[in-house]
Structure formats: structure tokens, C-alpha cells
Undergrad: 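Shown below is the structure under consideration.
Owing to the predicted nature of the structure, the values given are computational and were not obtained by experimental measurement.
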Amino acid sequence: MKVIQAVSVAIWKNDRVLLARRGRDPAKGLWSLPGGKVKAGELVEQAARREIFEETGLTLDHLEYADVNRVVRSQDNPPRTFEIHVFATSWTTGDPVAGDDAAELDWFEPQQIGDLPTTDGLPEFVARTQPTLSGL
């Protein structure tokens, strides 16, 4: 089975993280970290910067690699496996604006995420990105 490389970025503003409500399938209508697929020949950090700009309009100064998540979408035909490289950063300037893939953007405290319709494992990923920002 082919593994599809993807990226997500946890952008922290004080004690809140920026989430995107997906405007397209897969997972249309669910909240997730902004991100997307890595293009051929692209490094994962380049993909993270590109996806964040496309989905939020933000340009990021510093990215810190936080985690990797393997997601198997067995409901797809044929089933697909995604390897999602998760980055973390602190918001510095600019107002995020929902781009082409995002129906909506908003800032959430981690404890609020469990009450939202989210992509699989989102609360755990958000929790794992917060400690990585100690040096930012």
C-alpha cells in the first residue's frame, strides 16, 4: 500500500491553537490542524509552509517538528495510508483568513477540542504539540 505524505501545523496563540474546519472531502466539515499533502519533490517543511499560506494566508517564521502520525483510511476504496508530519509554531502577526480548503478558521483552547467534530486523534495531536514550543 502506498503511503501518502502530508503535513499539519499547530499554530499557537497564547493558550489557543488555530484549527480549520475542512471545506472539502476527505473529512469535510470536521475540524483539524491546517495542512495537506506534500507535493512531489517537496520537503515536508516546505509543504507545511505552503499549506499554511494557502489555507490561512499566514507566513510562518519558525517551525518546529513535533510529531508524525500514521492514519489508515480503511473506508476509502482502495484503502489509503497517510503519514502526517506535524509541526508547531507560535503565532506572531497577521490575521488568519480561510483559504481554498478551509471553510472556517478559529482559535480554540485544548480543552474545547473534545466537544468539536474533529478528524481522528486531533485532541491528542494538539496536546503533543504544546510542549514543543518551549523554545519559541
Undergrad: Are there more than 12 heavy atoms of other residues, nucleotides or ligands under 6.0 Å from atom CG of D25?
TA: yes

Undergrad: Not counting sequence neighbours, which residues clear side chain to side chain donor-acceptor pair (under 3.5 Å) with N69? List them please.
TA: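 N69 satisfies side chain to side chain donor-acceptor pair (under 3.5 Å) with no residue once adjacent residues are dropped.
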
Undergrad: Between E64 and T89, is a side chain to side chain contact (heavy atoms under 4.5 Å, CB included) present by the stated rule, with each step listed?
TA: CA-CA 6 Å; E64 190 170 317; T89 190; over 6 Å; no

Undergrad: By side chain to side chain donor-acceptor pair (under 3.5 Å), which residues pair with R22, not counting sequence neighbours?
TA: none

Undergrad: For the residue pair R49 and E45, establish whether any side-chain heavy-atom pair is separated by less than 4.5 Å.
TA: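 The answer is yes; the side chains approach within 4.5 Å.
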
Undergrad: Looking at CZ of R21 and OG of S32, how far apart are the two atoms once the value is rounded to the nearest 0.5 Å?
TA: 12.5 Å

Undergrad: What residues form a salt bridge (Lys or Arg N to Asp or Glu O under 4.0 Å) with R16, not counting sequence neighbours?
TA: none

Undergrad: Please name all residues satisfying salt bridge (Lys or Arg N to Asp or Glu O under 4.0 Å) with E124, sequence neighbours left out, ordered by chain then number.
TA: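 E124: no salt bridge (Lys or Arg N to Asp or Glu O under 4.0 Å) contacts found.
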
Undergrad: Is the closest side-chain heavy-atom distance between T129 and V86 below 4.5 Å?
TA: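 They are in contact (side-chain heavy atoms under 4.5 Å apart), so the answer is yes.
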
Undergrad: Between K39 and R50, is any pair of side-chain heavy atoms under 4.5 Å apart?
TA: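 K39 reaches R50 side chain to side chain.
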
Undergrad: Would you call L18 and W91 a side-chain contact if the rule is heavy atoms closer than 4.5 Å?
TA: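 They are not in contact (no side-chain heavy atoms under 4.5 Å apart), so the answer is no.
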
Undergrad: Can you give each donor-acceptor pair under 3.5 Å made by side-chain atoms of residues 105-119, sequence neighbours left out, with the distance rounded to 0.1 Å?
TA:
{"residue": "E109", "atom": "OE1", "partner": "Q111", "partner atom": "NE2", "Å": "2.7"}
{"residue": "Q112", "atom": "OE1", "partner": "E109", "partner atom": "N", "Å": "2.7"}

Undergrad: Answer yes or no: is there a side-chain heavy-atom contact under 4.5 Å between L19 and L122?
TA: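 They are in contact (side-chain heavy atoms under 4.5 Å apart), so the answer is yes.
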
Undergrad: Think R128 forms a cation-pi with F125, using NZ or CZ under 6.0 Å from the six-ring centre and within 45 degrees of its axis?
TA: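 Yes, R128 sits over the ring of F125.
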
Undergrad: Would you please test V7 and F87 for side chain to side chain contact (heavy atoms under 4.5 Å, CB included) and show each step?
TA: CA-CA 8 Å; V7 294; F87 291 84; 4.3 Å; yes

Undergrad: At what distance, to the nearest 0.5 angstrom, does CG of L33 lie from CD1 of I84?
TA: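 Reported to 0.5 Å precision, the distance equals 9.0 Å.
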
Undergrad: To the nearest 0.5 Å, what is the distance between NZ on K28 and CG on D101?
TA: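 Reported value, rounded in 0.5 Å steps: 11.5 Å.
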
Undergrad: Identify the two heavy atoms, one from A102 and one from A98, that lie closest to each other, and give their separation to 0.1 Å.
TA: O-CB, 3.5 Å

Undergrad: Against E83, only a single residue in V44, V3, V38 fulfils side-chain contact (heavy atoms from CB on, under 4.5 Å); can you say which?
TA: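 Among V44, V3, V38, the one meeting side-chain contact (heavy atoms from CB on, under 4.5 Å) with E83 is V3.
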
Undergrad: Could you tell me how the ring of H85 sits relative to the ring of Y65: parallel (under 30°), tilted (30 to 60°) or perpendicular (over 60°)?
TA: tilted

Undergrad: Decide yes or no for I11 and L58: does some side-chain heavy atom of the first lie under 4.5 Å from some side-chain heavy atom of the second?
TA: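 Yes, close enough: below the 4.5 Å cut-off.
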
Undergrad: Transitively linked via ILVMFWY side-chain contacts under 4.5 Å: L43 with F82?
TA: no

Undergrad: Crowded around K13 NZ? As in, over 12 foreign heavy atoms under 6.0 Å?
TA: yes

Undergrad: Which residues satisfy the side chain to side chain donor-acceptor pair (under 3.5 Å) test with D120, sequence neighbours excluded?
TA: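 Here no residue qualifies.
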
Undergrad: Report yes if some heavy atom in the side chain of V9 is under 4.5 Å from a heavy atom in the side chain of E51; otherwise report no.
TA: no

